[in-house]
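Reminder, nothing fancy here: chain letters follow the sequence lines and each chain counts from 1.
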There are 2 protein chains.
Amino acid sequence: MNKDQHTSEGKEVDWTGFLPGIAIDCVMVGYNEKQLKVLILEYKETGFFALPGGFIRRNENLDVAAQRVLQKRTGLEGIQLNQFHTFGSLNRYAPEPMRKIMKKNGLQPAEDHFLLQRFVSTAYYALVNFEQAEPIADFLSDSCRWYDINQLPKLLWDHRDIIQKALESLRKNIDDAAVGLTLLDEEYTMRELRTLYETILDKEINRSSFHRKMVNSGRLERVGKKSTGKAHRSPYLYKFVSN
Amino acid sequence: MNKDQHTSEGKEVDWTGFLPGIAIDCVMVGYNEKQLKVLILEYKETGFFALPGGFIRRNENLDVAAQRVLQKRTGLEGIQLNQFHTFGSLNRYAPEPMRKIMKKNGLQPAEDHFLLQRFVSTAYYALVNFEQAEPIADFLSDSCRWYDINQLPKLLWDHRDIIQKALESLRKNIDDAAVGLTLLDEEYTMRELRTLYETILDKEINRSSFHRKMVNSGRLERVGKKSTGKAHRSPYLYKFVSN
DNA sequence: ACAAAAGTGTTCTCGGTACACCCATGC
DNA sequence: GCATGGGTGTACCGAGAACACTTTTGT
């Protein structure tokens with residue numbers, strides 16, 4: 001881990017170390033109690049909410065910068081990030097909220113301050129384990145928390161659209177994404193996996209064909225049985241095989 | 001059309017009017033004689049080849065900037081552009097060729113000249129009609145020509161990768177893209193449409209199932225017959241219905 | 001009449017859907 | 001033993017593949 005990552009979390013950030021006008025936004029998706037969750041930052045004393053984001057160092061790959069943002073907000077490393085769109089509409093440019101945020105943090109930004117530029121933002125989504133992630137706030141924000149994707153607070157700028165597009169992208173790639181691998185515990189029942197699919201796709205899935213499809217995919221391994229304590233046959237447990 | 005579009009083609013460009021560090025690259029795909037073509041620029045007296053690209057005005061949407069680039073190089077308006085990826089790897093940063101290009105054009109760029117920065121580039125592809133497009137060179141290049149996608153010259157930077165990714169994206173979206181609508185003439189035979197699909201996907205397609213799939217899609221209208229002059233049944237002509 | 005290429009029908013196969021029945025488990 | 005819910009088998013349906021047959025056209 002870089003030593004200066006800590007200093008960049010302080011209030012005195014050397015913005016010249018970053019590419020101007022280009023940002024990264026990350027839609028980090030979790031899953032808990034049959035609901036999709038998204039990590040959202042709340043800025044100090046403003047009631048403003050936004051996606052976690054960051055900037056690209058002058059000597060850093062775009063993808064690596066995204067990894068860094070993800071690692072900073074979740075403490076997790078090596079999570080697969082999926083770039084899905086770059087947002088560059090003019091109506092993203094609304095610096096007032098950011099000015100207010102900075103003032104609440106005791107800063108008096110110049111009109112041309114780094115954070116008050118127009119930004120084009122490349123967006124990524126990542127599937128992260130709800131249990132393992134430890135949401136960590138920004139230096140401008142006082143919380144980084146999971147929100148149900150259906151009960152998001154009002155978000156700044158176009159971040160609502162970004163989440164919507166991330167969800168569409170996830171749905172399109174669900175079969176490649178090995179969603180169970182990262183969103184569920186290591187071992188899970190077929191019912192749990194199907195419920196996850198149903199939650200993401202927001203539609204019911206046929207039980208037996210889903211079962212067969214998953215078994216035939218060759219990516220699942222049956223590892224044992226789960227005693228549910230319920231009055232019925234105990235389901236098998238599965239886990240993903242890397243192969 | 002903006003009047004200053006002409007001046008921006010001259011040698012004295014006001015680079016401060018553009019967002020720094022962000023570029024747009026366009027993979028314009030055409031089709032002729034059973035081959036996919038891509039528009040490629042050749043820079044003056046350097047033997048350097050690259051994709052047509054451009055930059056984003058300070059007061060311009062990203063998508064609109066891409067439209068502008070496309071319009072500049074083909075003369076066509078209203079073509080659908082598909083954003084497919086943003087390239088931000090560090091090994092894109094190789095300013096030497098651009099320095100050489102500028103020198104060949106009689107410019108003596110400062111080390112920190114706009115064009116010599118590191119760029120992150122958002123890439124689009126567009127399907128354009130080979131006949132209707134009129135390739136127009138850049139102010140730094142002396143030609144803008146169609147190249148067979150399988151016989152591309154050696155390209156600068158990562159432009160080869162960009163084309164590859166554009167092709168993958170096109171293949172994935174081929175059924176939505178209404179490729180026949182833009183890549184073929186207005187009316188065409190089923191054979192011609194299938195050959196186009198086969199060219200894009202680089203694999204043979206079953207004749208009868210392709211026929212039925214297209215007819216059943218409801219997006220084709222049979223408009224007449226074509227007399228081929230050959231010794232066989234003359235095929236029907238089809239065209240896309242908008243609906 | 002024949003060859004060539006397009007249109008069209010039949011059959012097969014593969015997944016997904018629907019539905020049934022079998023199994024295990026706690027009450 | 002009965003209700004509950006997961007596992008699994010069978011029948012059906014639709015799309016694509018393979019193949020054959022029909023239609024049209026110029027020679």
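If you check every strand for non-hydrogen atoms under 4.0 Å, B:Arg222 touches sugar and phosphate atoms only. Residue B:Arg191 is classed as a sugar-phosphate contact, given heavy-atom separations below 4.0 Å to backbone atoms only. Within the 4.0 angstrom heavy-atom criterion, no nucleotide atom of any strand lies near A:Thr189. A:Phe210 comes within contact range of no nucleotide atom at all, as no heavy-atom separation falls under 4.0 Å.
Remark: A:Arg222 is positioned above the aromatic ring of A:Tyr236, its terminal NZ or CZ atom under 6.0 angstrom from the ring centre and at most 45 degrees off the axis. Judged by a 6.0 Å distance limit and a 45° cone about the ring axis, B:Arg212 is not positioned over the six-membered ring of B:Phe210. A cation-pi arrangement is absent between B:Arg57 and B:Phe55 under the rule of less than 6.0 angstrom and at most 45 degrees off the ring axis.
Aromatic ring centres of B:Tyr124 and B:Phe84: separated by at least 6.0 Å. For B:Tyr93 and B:Phe119, the ring centers are positioned 6.0 Å apart or more.
Look at B:Ser209 and you won't find any side-chain N or O under 4.0 angstrom from OP1 or OP2 of D:dA15.
Ring geometry for B:Tyr238 versus B:His211: interplanar angle over 60°, hence perpendicular rather than tilted (30 to 60°).
Along DNA chain C, the nucleotide nearest A:Lys203 and the nucleotide nearest A:Arg207 are compared for position; the residue whose nucleotide lies closer to the 5' end is A:Lys203. Nearer the 5' end of DNA chain C, as judged by each residue's closest nucleotide, is the contact made by B:Arg194, out of A:Asn206 and B:Arg194.
Of all nucleotides in DNA chain C having an atom under 4.0 Å from a heavy atom of chain A, the first and last in 5' to 3' order are C:dG16 to C:dG26.
Here the C1' atom of nucleotide D:dG16 and the OH atom of B:Tyr197 are 15 Å apart, to the nearest Å. Between the CD1 atom of B:Ile205 and the P atom of D:dA18 there is a distance of 12 Å, rounded to whole Å. The distance between atom NZ of B:Lys213 and atom C1' of D:dA15, rounded to the nearest whole Å, is 10 Å. Atom CG in A:Asn216 sits about 12 Å away from atom P in D:dG9, given to the nearest Å. Look at CZ on B:Arg233: it is 17 Å from P on D:dC21, rounded to the nearest Å.
Side-chain atoms of A:Ser208 lie closest to D:dT8 of the nucleotides D:dG6, D:dT22, D:dT8.
Residues that satisfy the salt bridge (charged side-chain N to carboxylate O under 4.0 Å, His left out) test with B:Asp158, not counting sequence neighbours, are B:Arg92.
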